[in-house]
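What follows is a set of notes on a single structure, which appears directly below.
For clarity, every value in this text was computed on a predicted model and none was experimentally measured. Convention: sequence-line order gives letters A, B, ...; per-chain numbering from 1.
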Number of protein chains: 2
Amino acid sequence: MVVIEDILKKNQLSVTDGRKKILELFISSEGALAHADIEEKTGENFDRVTVYRTLNTFVEKGIIHHIPTTDNSILYALCKDNCEAGHHHDNHVHFICDVCNKTICLDEVTVPTVQLPEGFRPSHAEMVVNGVCGDCK
Amino acid sequence: MVVIEDILKKNQLSVTDGRKKILELFISSEGALAHADIEEKTGENFDRVTVYRTLNTFVEKGIIHHIPTTDNSILYALCKDNCEAGHHHDNHVHFICDVCNKTICLDEVTVPTVQLPEGFRPSHAEMVVNGVCGDCK
DNA sequence: GCATTTTTGCAATAGTGTTGCAAGTTTTAA
DNA sequence: TTAAAACTTGCAACACTATTGCAAAAATGC
Ligand SMILES: [Mn+2]
Ligand SMILES: [Mn+2]
Ligand SMILES: [Zn+2]
Ligand SMILES: [Zn+2]
């Protein structure tokens, strides 16, 4: 669609096949995507390196964000809050379903603040909740 | 010390040099350790594979726990709550200092519960806070 | 001490992510 | 519309992380 090109242009990125396909994938998929998902779902079209570079570019531009995981994998999801290049400010809880294994951005659920010990000063907080998602029961 | 051997025996583990040194390292270090830290601080004594296997064994036995990170590294720290083989139940917030880069278990700070959307059922939650630690200001 | 069980080190293998560079594509501006 | 400039891609090479099978070595239990 035209919308996808607009997002790229708005972020001062050249419009290329790879970027269009990958961005489309994020927009049309519910749940977060790992590098491997992207390689798989775009077909055998793009080099691994291109996918890595595209993901990094999108993160830098504030188009997608990282999601922390307990294992050492990296997941990405579309930013819905209006993040800018160099500064993300989505601040929502992430949910990992133990059944379907999807990772979901709970855009409406804000990460709560906690009382830290004397002398600690927070700058950012992440929260990941595991359990069973709405679709799985 | 004798204490270290006791911890191993209590968990039905053979007492070996590698396990003693690695466990000692966790007990005597404030903050969490990555695989690389352990290789470094034990000297050139142990094979990388042995370190991996020891860490996995300790996690299985409930002696140490994983800490989630935003980058894709794996950190480990001593369990202070009485975790058992196959079932961890430490449930504390982790703090990563942006200055000294240490990762600290805030054993006194419990992960808060959040209100999830209709249909979602939580089983476990993790929280990681970034900022400046007590030592760094 | 000796047999049994467990752990270790090595070699091989797989996965993940980065970099330099030449070739190819997109943008820009004439 | 075109050609130069700017940027992106694919390839090859590399680095780092993690796992497995197997034989040798060490620890345990008697
Ligand atoms: Mn998210
Ligand atoms: Mn901890
Ligand atoms: Zn689910
Ligand atoms: Zn600090």
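- Here the side chain of B/H35 is nearest to one of C/dT16, C/dT8, D/dA18, namely D/dA18.
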Please enumerate all protein N or O atoms sitting under 3.5 Å from an N or O of nucleotides 24-30 of chain C, with distances to 0.1 Å.
from: C/dT27; atom 1: OP1; to: A/V15; atom 2: N; distance (Å): 2.8

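- A straight line from NZ of A/K61 to C1' of D/dC7 spans 12 Å, rounded to a whole angstrom.
- Following rounding to the nearest Å, B/R19 (CZ) and D/dA27 (P) show an atom-to-atom distance of 11 Å.
- Atoms OH (A/Y52) and C1' (D/dA15) sit 13 Å apart, rounded to a whole Å.
- With ring centers used as reference points, B/H65 lies 6.0 Å or more from B/Y76.
- Looking only at side-chain heavy atoms (C-beta outward), A/I74 and A/H35 stay at 4.5 Å or farther from each other.
- Where A/V51 and A/R48 each meet DNA chain D at their nearest nucleotide, the meeting point lying more 5' is that of A/V51.
- Side-chain contact check for B/I63 versus B/F26: every heavy-atom pair is 4.5 Å or farther apart.
- Phosphate contact (OP1/OP2 of C/dG17, side-chain N/O of A/N56, threshold under 4.0 Å): absent.
- Side-chain contact check for B/E126 versus A/E126: every heavy-atom pair is 4.5 Å or farther apart.
- More than 12 heavy atoms of other residues, nucleotides or ligands lie within 6.0 Å of CD in A/E108, so this atom counts as buried by the packing criterion.
- The separation between B/D37 atom CG and D/dT17 atom C1' is 14 Å, rounded to whole Å.
- The CD1-C1' distance, from B/I74 to C/dG17, rounds to 15 Å in whole Å.
- B/L55 has its CG atom 15 Å from the C1' atom of C/dT8, to the nearest Å.
- Residues B/I27 and B/I7 have side chains in contact (heavy-atom distance under 4.5 Å, counting atoms from C-beta outward).
- Across the protein-nucleic acid pair, B/E39 atom CD and D/dA15 atom C1' stand 14 Å apart, rounded to whole Å.
- Listed for the A/D37 side chain is a donor-acceptor partner under 3.5 Å among the backbone atoms of A/A34.
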Are there any protein N/O atoms within less than 3.5 Å of an N/O atom in nucleotides 9-11 of chain C, and if so, which ones and at what distance?
from: C/dG9; atom 1: OP2; to: B/D47; atom 2: N; distance (Å): 3.4
from: C/dG9; atom 1: OP2; to: B/T50; atom 2: OG1; distance (Å): 2.4
from: C/dG9; atom 1: N7; to: B/R53; atom 2: NH2; distance (Å): 2.9
from: C/dG9; atom 1: O6; to: B/R53; atom 2: NH2; distance (Å): 2.7

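- In this structure, B/N11 and B/F58 have side chains that are not in contact, with every pair of non-hydrogen atoms separated by 4.5 Å or more.
- In this structure the side chain of B/K41 reaches within 4.5 angstrom of the side chain of B/L33, judged on heavy atoms.
- Per the geometry, CG belonging to A/N11 stands 16 Å off P belonging to D/dC7, to the nearest Å.
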